[in-house]
Amino acid sequence: MKIYSHFLRLIEILHYLCNMDLKDKKIAVLLSGGVDSSVVLYELVHQGLQPDCFYIKIGPEEEEEWDCSSEEDLEMATAVSHKYGCKLEVVDCHKEYWDQVTKYTMDKVRAGLTPNPDVMCNRLIKFGAFHEKQGKDYDLIATGHYATTEYEETLKWLCTSPDPVKDQTDFLAQIYDWQLEKAMFPIGHMMKEEVREIAEREHLAPAHRRDSQGICFLGKINYNDYIRRYLGELPGDVIELETGKKIGQHKGHWFHTIGQRKGMGLGGGPWFVIKKDTEQNIIYVSHGYDPETAYKQDFPIRDFHSINGQLPPTDITLKIRHTPEYLPARLEAMGDGRYMVHAAAPIHGVAPGQFCIIYDNRYHRCYGSGEITL
């Protein structure tokens, strides 16, 4: 049944592409130097198109000697664009990233919340700052995201990829309707294995590069180093939740998030971060998951952002982090963009500041996302 569903999805996507006169469209391809965006370029050229390619330059501040992979990324992007005779232009969005995405991230972690910089990077940089600098001249902006789109009359929907592990609709759940209108995801209907096979078959330079891990555009920079650069360290106590006993020290509550298991540096583990007291700068940990403290079944979200203006139904599925699973739940509207989420079962690691991404109950269409508040 699942294979048949994916087949129907592919037919929908092909029907959409066949009805788009892409040869009359100006298309910009965002090359990252990775395998996914490289196959995007191949797919478009294979259709007889000649898009323009862009590499968004965003990395550590120039004076910082952090280990960054941007030079290698640009080399790979250059090799792929030259292979297909497409021009490649470097677009410097450095200032916009560090002024907007970094500010968002640091404001949230300083307040003890769990932000998602990748979500805001798509909204503010890839489909934001880039659009202001170059994208206005193009009808479509093609990226290597694992996501699909479909039309219902004149309404465009952001829809999931058939690859549940690689699906990236959660990272796109804060984009605006006009950004979705210009977005194009040429590999969104593929499985990751298919993308790799194409890259190897076509001898694309990044074919054997590993997928990037961690925060978008940080390259090999450690996330904690990124935070330390802006917030420094603030030592505080680590306390065992059940006994109230101090068992160690941390270097700042902003280095830890609810549900965290690794990186605590405590003996006698495993230890799990259960809650944080940001005012007292205390981290509470436990050996296990106490259902009453580590799991949440009912929690509020605020500032719900609808991608295309359509409000979600009552019966939904959701994600609170980048995982293959879609969790069934019921939404209770509270007004002013606020909802109470009633999950079908308790969810581990629900943390304030995370985005709760809302899908229909077929985990197909993405309505948008709101911030968990607790």
Q | Distance-minimising heavy-atom pair for K276 and H253 | A | NZ-O, 3.3 Å
Q. Any donor and acceptor pair, going by atom type alone, linking the side chain of N281 with main-chain N or O of L234 inside 3.5 Å?
A. yes
Q. Side-chain donor-acceptor pair under 3.5 Å between Y138 and D52, yes or no?
A. yes
Q) Would you call T102 and Y97 a side-chain contact if the rule is heavy atoms closer than 4.5 Å? A) yes
Q) Are W157 and N308 close enough that some pair of their side-chain heavy atoms sits under 4.5 Å apart? A) yes
Q | Polar contact flag, side-chain donor to acceptor under 3.5 angstrom, E240-T243 | A | yes
Q) Do E89 and Q134 have a side chain donor and acceptor closer than 3.5 Å? A) yes
Q) Going by the side chain to side chain donor-acceptor pair (under 3.5 Å) test, which pairs reach into residues 169-179, not counting sequence neighbours? A) R123-Q174, R123-Y176, D167-T169, T169-Y359, D170-H322, Q174-S369
Q | Side chains of D36 and Y146, donor plus acceptor under 3.5 Å | A | yes
Q | Pairwise side-chain contact, E96 with K133, heavy-atom cut-off 4.5 Å (strictly under) | A | yes
Q: Report the residues that fulfil ring-ring contact (aromatic ring centres under 6.0 Å, His included) with H46, sequence neighbours left out, ordered by chain and then residue number.
A: Y42
Q) For K182, does the NZ atom sit with more than 12 other heavy atoms under 6.0 Å from it, leaving out its own atoms? A) yes
Q) Any Lys/Arg nitrogen of D237 or K246 sitting under 4.0 Å from an Asp/Glu carboxylate oxygen of the other? A) yes
Q: Please determine, by modelled atom types, if Q168 and S161 share a side-chain donor-acceptor pair under 3.5 angstrom.
A: no
Q. Taking the six-membered ring for Trp, are Y339 and F304 parallel (under 30°), tilted (30 to 60°) or perpendicular (over 60°)?
A. perpendicular
(Q) With no hydrogens and no angle check, just 3.5 Å: does a side-chain donor-acceptor pair link T160 and Y326? (A) no
Q. Looking at side-chain heavy atoms only, is the closest gap between R302 and D336 below 4.5 Å?
A. no
